[in-house]
Trainee: 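Attaching a single structure in structure tokens format; questions to follow.
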Amino acid sequence: MQRALSATRMVGNRPNFPEWYQNVVREADLAEPSPVRGSMIIKPWGYGVWELMQKDLDRRIKETGHDNCYFPLFIPLSFIAKEAQHVEGFAKEMAVVTHHRLKMIDGKLQPDPEAKLEEPLIVRPTSETIIGDAFSRWIRSHRDLPLLINQWANVVRWEMRTRLFLRTAEFLWQEGHTAHADAEDAMKETLKMLEVYRDFSETVLAMPVIPGEKSANERFPGADNTYSIEAMMQDGKALQAGTSHYLGTHFAEAQNIRFQNDAGELSYCHTTSWGVSTRLIGGVVMTHGDDDGLRLPPAIAPRQVVVVPMLRGKPEDAEVLAFCETLVKRLSEQTAFGERVRALLDTKDIRSAEKRWNWVRRGAPLIVEIGPRDVAGANVTYMRREDLRDGDKVRSHSQGVDAFVANVPAMLSEIQATLYREAKTRLDSNITRDVKNLGELSEYFGAAAADDDDAVEFKGWVRAPWSAPTGAALRDGGN
RNA sequence: CGGGGCGUGGCGCAGCCUGGUAGCGCAUCUGGUUUGGGACCAGAGGGUCGCGUGUUCGAAUCACGCCGCCCCGACCA
């Protein structure tokens, strides 16, 4: 049994951060690589986290006036071709469907040459074009605007280099698409959703971010402006955690999305799109993980309290189990973050010590251990995942069962707040603010660019003047 | 796609230089002993040594080719 996932615990000083990340993803039972290159299998614990993210974000999207719908996975090649920048941006990474039938030829199953599609279909890398096509039919009048749509879907981008959650060939996301009568309204929408993402990330994921505009070279293909929220990972690097785009009239012009204004004149709509993806799970790992594995913010923990009975194969086991069942039932009647507390009794027939560590690695916020002595004294013994260790020792707490049950909602809130505070402190204290020009910037990051071994020094971020509108000269700035 | 590294039971590795058909730790299974805690003893199962071709009496080990994975870079949610 490994005792820790890496040797050091200092932020920014993990000897091999990417390796640590992969270990946590595996040990926390979040996901595993699939037989298909670049794609992953999201396991129940990881998918449970995604479902909770979805649920909360979906509510926010609806509260801001958007309706969900679903557009097809396949997009006609000609649709993509309509917007020049869009083509240029995505052409290199598209999966293409060319046949609709397999045939056994020379003992080998292969696409039937006679079943070739007249027009190839591409697997959506994003849905601007196919949704725009629908918008062009749905929108006639200024009374149809704004049109506010969202979809939860999978998309495919044939990436050269993939990492679980952070960049996979196929990933899950939501993509919002809206159409507006003028630039001002569309820009308002773009910034509104950026703010939705910021608040969601900070309050639900406990992941502080910096919202801002991306430089021209980092813009979404076909956008006039791209905004993002950026989070700082424990290696000091930035993770683009969500984007919101003002698309101007580019897609409207390419796809003829027009409306008649109150004067009877036809004009092009201004559109937006915005999305967050399963990458957020990777962000949570790299924000909150430690040497013992994952630490999940309670708001997105599929199980917030896990009860591990200390069974010894003796008659008193029955009492222990009965006590635990009652405890879980009472916990499930409590409310935290506006929902029932998610509690689990882990009865799997393995050693209880191993069970405990499984839940530690998965990041369950509260882990409760119940033995005969607890039952006799009506106590619970528990650990808080966000504050697991006292030096090398595991910090174990004891409390009367009634008080514990009543305290769980408050403790979950505290854990959520503590995780946020730790990350926020890290973010704030690792932004260097006294860099004034490109020379100082190069000097600060210095050798980092020439590094080719694992030991990349922790540099954090730099706040520096920005050479708008291109940002090209300063693009090594780290954010 | 450029540079570097690596593919040996589920996981982590040794063996390769100096060819003689596999070994360790953890995990798994069985039995026993333990029991406020990441147990101990004994036994067992599990490997086409990434794939292919070649050299050789003999290849995990040598040569060539291919595939895959990881890191850095470029690009991206």
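Letters A, B, ... mirror the listed sequences (proteins, then strands); counts begin at 1.
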Trainee: Name the nucleic acid region contacted by A:T243, choosing base, sugar-phosphate or nothing; use a 4.0 angstrom heavy-atom cut-off, strictly under.
Mentor: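 Sugar-phosphate contact only.
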Trainee: Taking only Lys NZ, Arg NE, NH1 and NH2, and the carboxylate oxygens of Asp or Glu, determine whether A:D29 and A:R361 approach each other closer than 4.0 Å.
Mentor: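 No, A:D29 and A:R361 are not salt-bridged.
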Trainee: Who does B:G7 pair with, Watson-Crick or G-U, both distances under 3.5 Å?
Mentor: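 Pairing partner, where one exists within any strand: B:C67.
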Trainee: Pick the P atom in B:A77 and in B:G5, then give their distance to the nearest Å.
Mentor: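 B:A77 and B:G5 have their P atoms separated by 32 Å.
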Trainee: Quick one: label A:G275 by what it contacts on the DNA or RNA (base, sugar-phosphate, nothing), any heavy atom closer than 4.0 Å.
Mentor: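 Nothing, no nucleic acid heavy atom in range.
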Trainee: Between P on B:A77 and CD on A:Q151, what's the gap in Å once rounded to a whole number?
Mentor: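 Computing the A:Q151:CD to B:A77:P distance gives 17 Å.
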Trainee: Want to settle it: does A:S352 or A:G242 sit nearer the 5' end of RNA chain B, counting the closest nucleotide to each?
Mentor: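 It is A:S352, whose closest nucleotide lies nearer the 5' terminus.
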Trainee: So, are A:R385 and A:D290 salt-bridged, with charged N and O less than 4.0 Å apart?
Mentor: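 A salt bridge links A:R385 with A:D290.
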Trainee: Taking pairing as Watson-Crick or G-U wobble with both contacts under 3.5 Å, can you name the mate of B:A42, or confirm there isn't one?
Mentor: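 Answer to the pairing question: B:U30, which forms a Watson-Crick or G-U pair with B:A42.
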Trainee: Within the modelled atom types, does a donor on one side and an acceptor on the other bring the side chain of A:R389 and the base of B:G38 under 3.5 Å apart?
Mentor: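 Between B:G38 and A:R389, which were checked side chain against base, a qualifying N/O pair under 3.5 Å is present.
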Trainee: Side chains of A:L344 and A:V307: closer than 4.5 Å at any heavy-atom pair?
Mentor: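 When only atoms from C-beta onward are counted, A:V307 and A:L344 do not touch, as no gap falls below 4.5 Å.
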Trainee: Select one nucleotide: of B:G37, B:C71, B:G38, the one nearest the side-chain heavy atoms of A:P18.
Mentor: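 Of B:G37, B:C71, B:G38, B:C71 is nearest to the side chain of A:P18.
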Trainee: When you get a sec, tell me which of B:G38, B:C71, B:C76 is the closest nucleotide to the side chain of A:E93?
Mentor: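 Nearest to the side chain of A:E93 among the choices is B:C76.
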Trainee: Does A:Q22 have a side-chain nitrogen or oxygen under 4.0 Å from the phosphate oxygens OP1 or OP2 of B:C71?
Mentor: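 Yes.
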Trainee: Considering only the C1' atoms, how many Å lie between B:U34 and B:A42, rounded to the nearest integer?
Mentor: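 These two C1' atoms come out 15 Å apart once rounded.
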Trainee: Under 4.0 Å, heavy atoms only, any strand: does A:E369 hit a base, just the sugar-phosphate, or nothing?
Mentor: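 If one applies the 4.0 Å heavy-atom cut-off, A:E369 turns out to touch a base.
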Trainee: Measure from the side-chain heavy atoms of A:Q240 and tell me the nearest of B:A77, B:U28, B:C72.
Mentor: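 Shortest atom-to-atom distance from the side chain points to B:A77.
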Trainee: If only side-chain N and O atoms of A:K237 are considered, is one of them under 4.0 Å from the OP1 or OP2 phosphate oxygen of B:C72?
Mentor: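 For A:K237, the contact criterion (side-chain N or O under 4.0 Å from OP1 or OP2 of B:C72) is met.
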Trainee: Can you label the angle between the A:W152 ring and the A:W50 ring as parallel, tilted or perpendicular, going by 30° and 60°?
Mentor: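 Judged by the thresholds at 30° and 60°, the geometry between A:W152 and A:W50 is perpendicular.
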Trainee: If I take atom CH2 in residue A:W173 and atom P in nucleotide B:A77, what distance separates them, rounded to the nearest angstrom?
Mentor: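 A:W173 atom CH2 is separated from B:A77 atom P by 8 Å.
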Trainee: Considering only the C1' atoms, how many Å lie between B:G20 and B:G58, rounded to the nearest integer?
Mentor: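 Pairwise C1' distance, B:G20 against B:G58, rounds to 7 Å.
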Trainee: Mind checking the C1' distance from B:C11 to B:G2? Whole angstroms is fine.
Mentor: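 Those two atoms are separated by 32 Å.
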Trainee: In whole angstrom, give me the gap between the P atoms of B:A60 and B:G7.
Mentor: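 Pairwise P distance, B:A60 against B:G7, rounds to 16 Å.
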Trainee: Find the distance A:R26:CZ to B:C11:P and express it as a whole number of Å.
Mentor: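 Rounding to the nearest Å, CZ of A:R26 and P of B:C11 are 8 Å apart.
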Trainee: Give the rounded distance in Å between these two atoms: CH2 of A:W357 and P of B:G38.
Mentor: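 Rounded to whole Å, this separation is 10 Å.
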Trainee: We want to know whether A:S273 and A:E175 form a side-chain donor-acceptor pair, criterion being a heavy-atom distance below 3.5 angstrom.
Mentor: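 No, because no side-chain N or O of A:S273 sits under 3.5 Å from a partner of the opposite role on A:E175.
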Trainee: Students often get this wrong, so: under 4.0 angstrom with heavy atoms, is A:R351 touching a base, only sugar-phosphate, or nothing?
Mentor: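 Touches a base.
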Trainee: What is the nucleic acid contact for A:T381, judged by heavy atoms within less than 4.0 Å: base, sugar-phosphate only, or nothing?
Mentor: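 Base contact.
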Trainee: A:N23 CG to B:C26 P: how many Å, rounded?
Mentor: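 Between P of B:C26 and CG of A:N23: 19 Å.
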Trainee: Could you give the distance separating B:C49 and B:A59 at their C1' atoms, to the nearest angstrom?
Mentor: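 Pairwise C1' distance, B:A59 against B:C49, rounds to 11 Å.
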Trainee: Using a cut-off of 4.0 Å on non-hydrogen atoms, how would the nucleic acid contact of A:F220 be classed: base, sugar-phosphate, or nothing?
Mentor: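 A:F220: backbone/sugar contact only, no base atoms under 4.0 Å.
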Trainee: Within 45 degrees of the axis of the six-membered ring of A:F90 and under 6.0 Å from its centre: does A:R157 put its NZ or CZ there?
Mentor: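 The answer is no, since A:R157 fails at least one limit relative to A:F90.
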Trainee: Whole angstroms only, please: what is the OH-C1' distance between A:Y197 and B:A77?
Mentor: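 Value for this atom pair: 10 Å.
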Trainee: Does B:U35 have a Watson-Crick or wobble partner in any strand here, with both distances under 3.5 angstrom, and which is it?
Mentor: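 Answer to the pairing question: none, since B:U35 forms no Watson-Crick or G-U pair.
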Trainee: Does A:R167 make a side-chain donor-acceptor contact with the base of B:C76, cut-off 3.5 Å?
Mentor: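 Side chain to base: pair present.
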Trainee: Only pairs with both distances under 3.5 Å count, Watson-Crick or wobble alike; so what is the partner of B:G2 in this structure?
Mentor: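 Because both required distances fall under 3.5 Å, B:G2 counts as paired with B:C72.
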Trainee: Below 30° counts as parallel, above 60° as perpendicular, anything between as tilted: where do the rings of A:H270 and A:Y246 land?
Mentor: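 If you compare the ring of A:H270 with that of A:Y246, the planes turn out parallel.
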Trainee: Considering only the C1' atoms, how many Å lie between B:G19 and B:U56, rounded to the nearest integer?
Mentor: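 The answer is 9 Å between these two C1' atoms.
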Trainee: Remember a base hit wins even if backbone is also touched, and classify A:T168 as base, sugar-phosphate or nothing at under 4.0 Å, heavy atoms.
Mentor: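 Base: the residue A:T168, judged by heavy atoms under 4.0 Å, touches a nucleobase.
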Trainee: Between B:A77 atom P and A:M286 atom CE, what is the distance in whole Å?
Mentor: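 Those two atoms, CE and P, are 15 Å apart.
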Trainee: Does the structure place the NZ or CZ of A:K43 under 6.0 Å from the centre of the six-membered ring of A:Y47, at an angle of no more than 45° from the ring's axis?
Mentor: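 No - A:K43 does not lie over the ring of A:Y47 by the 6.0 Å and 45° rule.
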Trainee: When all nucleic acid strands are considered with a 4.0 Å heavy-atom cut-off, which category describes A:P372: base, sugar-phosphate, or nothing?
Mentor: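 The answer is base, as A:P372 lies within the cut-off (heavy atoms under 4.0 Å) of a base atom.
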Trainee: Considering only the P atoms, how many Å lie between B:G23 and B:G3, rounded to the nearest integer?
Mentor: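 Between the two P atoms, the distance is 39 Å.
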Trainee: Quick one: is A:R161 getting a side-chain N or O under 4.0 Å of the B:C72 phosphate, OP1 or OP2?
Mentor: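 Yes, because at least one side-chain N or O of A:R161 sits under 4.0 Å from OP1 or OP2 of B:C72.
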Trainee: Mapping A:D374 and A:S277 to their closest nucleotides on RNA chain B, which lands nearer the 5' end?
Mentor: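 Here A:D374 is the residue nearer the 5' end.
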Trainee: Whole-Å distance between B:A77 P and A:L166 CG?
Mentor: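 To the nearest whole Å, that distance equals 14 Å.
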Trainee: Contact class for A:L280 (heavy atom, under 4.0 Å): base, sugar-phosphate, or nothing?
Mentor: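 It contacts nothing in the nucleic acid.
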Trainee: With a 4.0 Å limit, can you tell me whether A:R361 has a side-chain N or O closer than that to the phosphate oxygens OP1/OP2 of B:G38?
Mentor: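 No.
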